[in-house]
Amino acid sequence: MICEDTDLCVTSDSPMLRDRTIYKLYLIKERGKNTIEEIRATSRMCGFNYIEASKKLKAEQQFLLSEGDALKIISCFDVCYKVIPPYPHTK
């Protein structure tokens with residue numbers, strides 16, 4: 001059994017559990033006009049209402065959605081995104 005400094009005890013040694021890298025998750029707009037899925041994803045990830053999310057997305061081609069562990073949430077939406085630095089772990 002391995003116990004981390006956060007008192008999280010696990011029975012396996014997975015590099016994903018020891019990874020302390022802060023990843024940045026960017027939404028990449030596919031077209032000039034925002035799609036409803038891009039607006040929904042931005043709204044959910046950032047806590048904006050749909051109007052605010054639409055306005056924020058108009059300003060940038062790549063929009064920072066989150067820092068940290070957010071891959072589970074973004075994978076629910078049909079949008080393009082990238083993770084910086086590249087996420088080395090697979091599901």
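The shortest distance between side-chain heavy atoms of Phe63 and Lys29 does not fall below 4.5 Å.
The main-chain N or O of Ile39 is never found under 3.5 Å from a side-chain atom of Asn34 such that the two would form a donor-acceptor pair. Judged by distance alone, with hydrogens and angles left aside, the side-chain atoms of Glu37 form a donor-acceptor pair with the main-chain N or O of Asp78 at under 3.5 Å.
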Tabulate below the donor-acceptor pairs under 3.5 Å that side-chain atoms of residues 41-53 make, not counting sequence neighbours, or state none.
unit_1, atom_1, unit_2, atom_2, d
Thr42, OG1, Glu38, O, 2.9
Ser43, OG, Phe48, O, 2.5
Asn49, OD1, Ile51, N, 3.0
Asn49, OD1, Glu52, N, 2.8
Glu52, OE1, Asn49, N, 3.0

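A distance of 10.0 Å separates CD1 in Ile74 from SG in Cys80, rounded to the nearest 0.5 Å.
Qualifying salt bridge (charged side-chain N to carboxylate O under 4.0 Å, His left out) partners for Lys24, counting only residues two or more places apart in sequence or in other chains: Glu67.
Under the 4.5 Å side-chain heavy-atom criterion for Ile, Leu, Val, Met, Phe, Trp and Tyr, Leu25 and Ile28 are members of distinct hydrophobic clusters.
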